[in-house]
Amino acid sequence: MYSADSYNESIGSFYKKYPYFAQLSPTLCRCEGQSSSFLKFVGKKPITKNNYFSLVFIFFLKILRDIIYTLYAKKFDQKLFSNKKILVFSFFDSRSNNNGTLKEEYFREILENNANVVCIYKLITPKFLRGLNYINTLQNLKKNHYGVSEYSFFNLKIIFKSIFLSIKFFFVLQKIKSKIQLDTKLKKIILREVYREIFGGIIYQSYSSKLLYEKLLINKPILILSVWENQPWNRILESVKKVVSPHTLSRGFQHTGFSKKLLQHFPSKFEINLDSYPDEILCNGKINKDALEKFYPNIDVRIASALRQNNLNLNSLSKLQNLDKNKLKDIAFAFSWDENSYAKILKELEQVPKEINIYLKFHPNYPHWKDRSNFQSNFINCNLSWEALSKICPLVLVNDNSIMFESFFYGMHSIIYEDYDLADLEKRDFQSPILHIDKSHLKKINSLELIDLINISTKSVLESNYLIDYFNFLDIDSSRKIFLELNELK
């Protein structure tokens, strides 16, 4: 069977020839969470035709959205901006509103009360009205660091130039597509996905980011700090920096776990010397650092701090008690970022014995799932925090989500629920002793045999100190030095 690694090498060989072209495309960057090109190629997902009328309509709506957002967002004071020495690129969604105060979800407290920092926010899943609400909320929140939407820097010139460039992208693709040397079936899939990105406005969005970064980096900040996932916008930011502000130091924060479903984290051997990587990649622990440095031999990959897990208490691990078959009445399920898997998983969860309640925790990227109620009687759509849920559920099943590690700190046992056909792609617990199950185990989830295996797994996790290697916990002052001070990592 054609492997993800072989697929990666094939696309990477083309990417190397046209890096500034290819970095605009999630498909060519191998952002499989958006394109699923590999899964389509190996027959794990259906291949669908592009509806170009629908795609052009979506493109038009994105343009209209950006015009309205641009006119609606308060413009940033350029005089104030020139004094900011540190540019931070992060994400804003409903989690960023902490009772009327801006909460930085990714870098947490390290940005607070730093007059040199401006944090520029991308909006997560901005459906039209939700995006307007996000912009309005961000503008009106109390702030202990300066945070502003990227739309505060947009203008109509950026929007219309991006439209022109995305049209130009189409003609460039027509010119070079004959040079794409791939398996015939794979080439058709890749081209179909890239055409979808062109006509659906995704390439337009990449160009908008490029023009925005060219505008922002004219001020030549001392430091760029970004939420790093090696997405197109990350690559574009770094490439622009190398040209516009080459003396600026860039640090990308690997803030959460990743698997080969997020294949963009694993560049091929052809892409080692590209200029689209940060100067330094700061990892949340040793496990992920060890996994990444194999793929970025020319980049300074370092252990930093698990900022997003700074609320976890190491002492709680010693209080974790064995599961008891007779007391297993409630379990939780943590869904991944891959919304396409939800319907399949929900169908499979129906095999869990009906006397067990299943608390469903959907990924925060998809708030519309929190409002759904058309589930069977033992499914409970849950909006409780994990800390509160741990008081109810002693066990959580996790699909490609970092709660597979965090749950232990809340006093919950964790097992990894995987799609049997995608097990290699969904693995993010590199070299861990955490128990993996699939749908064949659900009917006997409360069996004595499986309970014993879960208890053995948990004991191995704790005794191996795997979690200590996975999350590197530092105090705020130490973290602030690593992320924000220029002389700390030299």
Side-chain angles (χ1 to χ4, degrees), residues 84-91 103-112 114 116-122 145 147 213 217 221-231 233-242 245 247-259 262 264-267 271-272 274-312 402 405-406 428 430 467-490:
K84 301 298 182 182
K85 305 301 182 185
I86 302 173
L87 292 190
V88 181
F89 294 87
S90 188
F91 294 102
K103 173 189 174 184
E104 170 44 41
E105 175 65 22
Y106 296 85
F107 296 105
R108 299 299 170 102
E109 292 91 348
I110 70 168
L111 306 183
E112 292 182 3
N114 190 325
N116 289 317
V117 166
V118 59
C119 188
I120 299 164
Y121 284 101
K122 301 180 79 67
H145 69 275
Y213 301 147
L217 294 181
I222 295 174
L223 174 66
I224 290 174
L225 187 61
S226 65
V227 176
W228 181 82
E229 297 174 349
N230 209 23
Q231 297 269 4
W233 75 267
N234 293 116
R235 302 177 190 221
I236 295 165
L237 173 63
E238 296 299 334
S239 294
V240 169
K241 189 219 77 164
K242 301 291 194 301
S245 187
H247 298 297
T248 297
L249 176 67
S250 63
R251 291 179 175 140
F253 178 35
Q254 175 270 310
H255 60 97
T256 190
F258 51 91
S259 66
L262 299 168
Q264 74 269 13
H265 286 85
F266 305 90
E271 301 162 278
I272 290 174
L274 296 180
D275 67 0
S276 54
Y277 307 127
D279 299 315
E280 300 169 2
I281 298 175
L282 305 183
C283 299
N284 65 351
K286 182 178 184 299
I287 300 294
N288 286 324
K289 180 256 186 185
D290 290 347
L292 284 175
E293 67 180 356
K294 301 172 187 175
F295 295 89
Y296 300 89
N298 298 330
I299 304 300
D300 200 358
V301 182
R302 298 175 178 268
I303 301 172
S305 176
L307 295 177
R308 298 186 70 191
Q309 289 78 29
N310 61 6
N311 62 311
L312 300 180
S402 287
F405 312 113
E406 297 172 27
R428 67 167 65 190
F430 309 115
L467 299 171
I468 309 303
D469 284 338
Y470 196 89
F471 294 125
N472 191 47
F473 295 108
L474 297 177
D475 60 62
I476 294 302
D477 288 339
S478 299
S479 297
R480 190 176 283 120
K481 288 181 180 179
I482 289 176
F483 282 87
L484 299 177
E485 291 190 7
L486 295 178
N487 59 354
E488 179 66 17
L489 294 181
K490 296 301 180 185

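Model, not experiment: these values are computed from the prediction.
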Sequence neighbours excluded, the answer for side chain to side chain contact (heavy atoms under 4.5 Å, CB included) partners of Asp469 is Lys286, Ile287
I would like to know whether Ser90 and Glu104 meet side-chain contact (heavy atoms from CB on, under 4.5 Å); could you show each step before the answer?
CA-CA 8 Å; Ser90 188; Glu104 170 44 41; 2.8 Å; yes
Sequence neighbours excluded, the answer for side chain to side chain contact (heavy atoms under 4.5 Å, CB included) partners of Phe295 is Phe266, Pro267
Rounding to 0.5 Å, atoms OG (Ser226) and CD (Glu238) come to a distance of 5.5 Å
CG of Leu217 to CG of Leu87, rounded to nearest 0.5 Å, is 6.5 Å
So CD1 of Ile303 and CG of Leu474: to nearest 0.5 Å the spacing works out to 10.0 Å
Check the pair Val88 / Val118 against side-chain contact (heavy atoms from CB on, under 4.5 Å), numbers first and verdict last. CA-CA 6 Å; Val88 181; Val118 59; over 6 Å; no
Does Ile224 form a side-chain contact (heavy atoms from CB on, under 4.5 Å) with Lys241? I'd like the steps, not just the answer. CA-CA 9 Å; Ile224 290 174; Lys241 189 219 77 164; 3.8 Å; yes
Worksheet item: Step by step, would you call Phe89 with Tyr121 a side-chain contact (heavy atoms from CB on, under 4.5 Å)?
Response: CA-CA 6 Å; Phe89 294 87; Tyr121 284 101; over 6 Å; no
query = Does the side chain of Thr248 reach to within under 4.5 Å of the side chain of Ile222, using non-hydrogen atoms?
reply = no
What one should report as the nearest heavy-atom pair of Ala306 and Phe471 is CB-CD2, 3.9 Å
Within the structure provided, determine whether Gln309 and Glu406 are in side-chain contact (heavy-atom separation under 4.5 Å). yes
When every non-hydrogen atom of Cys119 is compared with those of His145, the smallest separation belongs to CB-CD2, 3.9 Å
Minimal heavy-atom distance between Ile236 and Tyr213, with the atoms involved, is CG2-CD1, 4.0 Å
Under-4.0 Å salt bridge between Arg308 and Glu105: yes
| said: Distance to the ring centre below 6.0 angstrom and angle to the axis at most 45 degrees; does that hold for Arg235 and Tyr277? | reply: no
CG (Asn284) and CG (Asn472) are apart, to the nearest 0.5 Å, by 8.5 Å
When Asn288, Asn230, Val301 are each screened for side chain to side chain contact (heavy atoms under 4.5 Å, CB included) with Gln254, the one that passes is Asn288
What about the rings of Trp233 and Phe91, do their centers lie closer together than 6.0 Å?
yes
Would you please say whether a donor-acceptor pair under 3.5 Å links the side chains of Glu109 and Asn310? yes
Just checking, is any N or O donor in the side chain of Asp275 or Ser239 under 3.5 Å from an acceptor N or O on the other one?
yes
In short, Val227 meets Asn234 closest at the heavy-atom pair O-ND2, 3.0 Å
Exercise. Is the side chain of Ser402 donor-acceptor paired with the backbone N or O of Gly257 at a distance under 3.5 Å, no angle test?
Worked result: yes
Result for ring pair (Phe, Tyr, Trp, His ring centres under 6.0 Å) between Trp228 and one of Phe253, Phe258, Tyr106, Tyr296 points to Tyr296
Worksheet entry | Close side-chain approach of Ile281 to Asp300, heavy-atom, < 4.5 Å | no
Can you find a pair of side-chain heavy atoms, one from Pro221 and one from Ile86, that are under 4.5 Å apart? no
Between the CG atom in Leu262 and the CD atom in Glu229, the distance rounded to the nearest 0.5 Å is 7.5 Å
- Message: Quick check: do Ile299 and Glu280 have side-chain heavy atoms less than 4.5 Å from each other?
- Response: no
Separation between CG (Asp279) and CZ (Arg251), nearest 0.5 Å, reads 9.0 Å
